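Taking it in order: structure first as structure tokens, then the write-up.
Every chain is numbered from 1 and lettered A, B, ... according to where its sequence line falls, protein lines coming before strand lines. Model, not experiment: these values are computed from the prediction.
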There are 2 protein chains.
Amino acid sequence: MASDDGDRDYVQSLDRGITVLLAFDAEHPEPSLAELAQLTGFSRPAVRRFLITLERMGYVRSNGAGRWSLTPRVLSIGQHYTETHALIELAQPHLLSLAERTSESASLATLDGDEVVYVARVPVRRIMSINVSVGTRVPAHATSMGRVLLAWAPPVVVDEVLTGRPLRAVTPNTLTDLDDVRAELSRVRAQGWSIVSEELEIGLLSASAPVRDRSGEVVAALASSTSVGRSDAETLRRDVVPLLVDAADRLSASLGAAERVS
Amino acid sequence: MASDDGDRDYVQSLDRGITVLLAFDAEHPEPSLAELAQLTGFSRPAVRRFLITLERMGYVRSNGAGRWSLTPRVLSIGQHYTETHALIELAQPHLLSLAERTSESASLATLDGDEVVYVARVPVRRIMSINVSVGTRVPAHATSMGRVLLAWAPPVVVDEVLTGRPLRAVTPNTLTDLDDVRAELSRVRAQGWSIVSEELEIGLLSASAPVRDRSGEVVAALASSTSVGRSDAETLRRDVVPLLVDAADRLSASLGAAERVS
DNA sequence: TCCAGATGTACGCTTTGCGTACAGGCTGAC
DNA sequence: GTCAGCCTGTACGCAAAGCGTACATCTGGA
């Protein structure tokens, strides 16, 4: 029925059920059954079955009237990612001390596809227009964390991210020329850290350094973010980058990383 | 086949698929197919189908060898809870300012069953032995946030939580006598806030105040947490509670709450 | 009162998803 | 080197799980 061939060994109901769960979003925080059916494209009885299932599992709740909403149990799904990645727990003290020493928000992020995902964070003040939290995704090519992660990523991955789709100019300052980005990546690789200024959002300024696992592979980026009003690239480089690199190295060490290879 | 009758309208595959996803935990961060089959009790081919499905959806990744792990995309499921609850976004500035003014961690939590779930948080230093993050759950009866949430919860809910199962003595100080807890709840209701000392963990001390929605219903608790080394109940009451209640009231106001009803 | 729009239910068909059984591959012990 | 014991991948036939159409029911507003 579906066009593709690879339908074998694919569990349709799981996909559909999660699709229903994810249909709850900012635009539809309390959808009705009919609304969900329309959003997902499934029949109303089907959506109803999924809702009943999700309700029994505790992820969804009917508010009496015909409206449904997500329960905080949904958050516990993400906990399993956190639990299974020792890095995140180990990073906590380093994030806290970095945030305290710099009086700025500190973040840890990972690459997923062509996006950077925040996996741990200590916010100090609001710097971005969007509310950054664990799980938030931003385009890799326009952020210091993305630059760090790409700088040491396997060439295949870098190519996928950079040429997979055209590099979007998120702000007027975003590097979008392929050669420029590649040159920047090799600069980052050489100096061991990255500073990006107003490429993701006007007024936003951040610095990142790589975190390595025991095999020396870069598995995460540690970042400190501020705004152009409070600091500037030069100050960041002088005052923050040493702290940042130090914190990243110590975090790497606690992951059992060998001393920096290159 | 399953003993219960209510199997109708229940989508087994959704339940099973999520069960597989949740089988990844601290004890099994990189399970093999066979391991997952054993953990979940499903047949290996079944587990394989779920893994393939989850992999295509981007939640799970095979690490080349026969081991699987969760991807950060799992975190984005929780984002949908955050997105659909305006409260959480609105709370951010209040959490930040509370954390700054008290130099202590600030948290926002909600009741789910007999547990309190952290839904937003600004950590300042590590206070608990476990790493508290958004999604973390703690028993309601032993925490200041739980006391606040129960103090204004419908009697049915309170009864379920308090009599559903015996109140566990998490520490030697935990209130476990039903009458004591009920008395404490009415005290909380009268004074408008709660302080709990070393009932959840030795050395841990926290204060909470209720957050109300526009209908006046208490929908969350705002908390400030510290350790007995850094403060004590009396100091907390004098210095922190006013700030806390003020922040909670302003957050309530931004939710459009009417003035406090009682 | 009646209509519009919603949710709940029944039911028969299809195909999805199931597990058994077998093939193939890797690793380590002897 | 070879065999045993583990694993993952695949085939296949069967049962039932999940499907959507069609209809009943309820609610609120005109």
Practice task
Please report, rounded to the nearest Å, how far the P atom of D:dA17 is from the CZ atom of A:Phe50.
Solution key: 15 Å
Practice task
Please name the residue in the list A:Thr19, A:Ile18, A:Asp25 that meets the side-chain contact (heavy atoms from CB on, under 4.5 Å) test with A:Leu22.
Solution key: A:Ile18
Handout entry: Any A:Ser13 side-chain nitrogen or oxygen under 4.0 Å from OP1 or OP2 of C:dG17
Key = yes
Fill in the blank from the handout: Residue pair A:Ser32/A:Gln12 against DNA chain C: nearer the 5' end by closest nucleotide is A:Ser32
Practice task
Keeping the roles fixed (side chain from B:His141, backbone from B:Arg168), state whether a donor-acceptor pair exists under 3.5 Å.
Solution key: yes
Problem - Geometric cation-pi criterion, B:Arg49 with A:Tyr10: 6.0 Å, 45° - result: no
Problem - Rounded distance (Å) that lies between atom P of C:dC18 and atom CG of A:Asp9 - result: 11 Å
Practice task
Let me see the working for A:Tyr59 and A:Leu70 under side-chain contact (heavy atoms from CB on, under 4.5 Å), right down to the final yes or no.
Solution key: CA-CA 6 Å; A:Tyr59 294 118; A:Leu70 299 180; 5.8 Å; no
Problem - Nearest-nucleotide comparison on DNA chain C, the residue closer to the 5′ end among A:Leu14 and A:Arg49 - result: A:Arg49
Problem - Residue list, salt bridge (Lys or Arg N to Asp or Glu O under 4.0 Å) with A:Asp15, at least two apart or on another chain - result: none
Completion exercise
Separation of C:dG8 atom P from A:Leu36 atom CG, nearest Å, is 12 Å
Completion exercise
Rounded to whole Å, OH of A:Tyr10 lies from P of D:dA17 at a distance of 22 Å
Practice task
Would you kindly give the CZ-to-C1' distance between A:Arg44 and D:dC26, to the nearest whole Å?
Solution key: 14 Å
Completion exercise
Side-chain contact check for A:Ala34: nearest option of C:dT9, D:dC19, C:dT7 is C:dT7
Exercise for the section: Under 4.0 Å between any heavy atoms, over every strand shown, what does A:Arg67 touch: base, sugar-phosphate, or nothing? Just pick one. Expected result: nothing
Exercise for the section: Figure out the CZ/C1' separation between B:Arg16 and D:dG18, and round it to whole Å. Expected result: 14 Å
Handout entry: B:Gln38 CD to D:dT8 C1', straight-line distance once rounded to whole Å
Key = 16 Å
Fill in the blank from the handout: Of the listed C:dT9, D:dG20, D:dC7, the closest approach to the A:Ala46 side chain comes from D:dG20
Problem - Closest nucleotide among C:dT9, C:dG19, C:dG17 to the A:Arg48 side chain - result: C:dT9
Completion exercise
Whole-Å distance, A:Phe42 CZ to D:dG20 C1', equals 13 Å
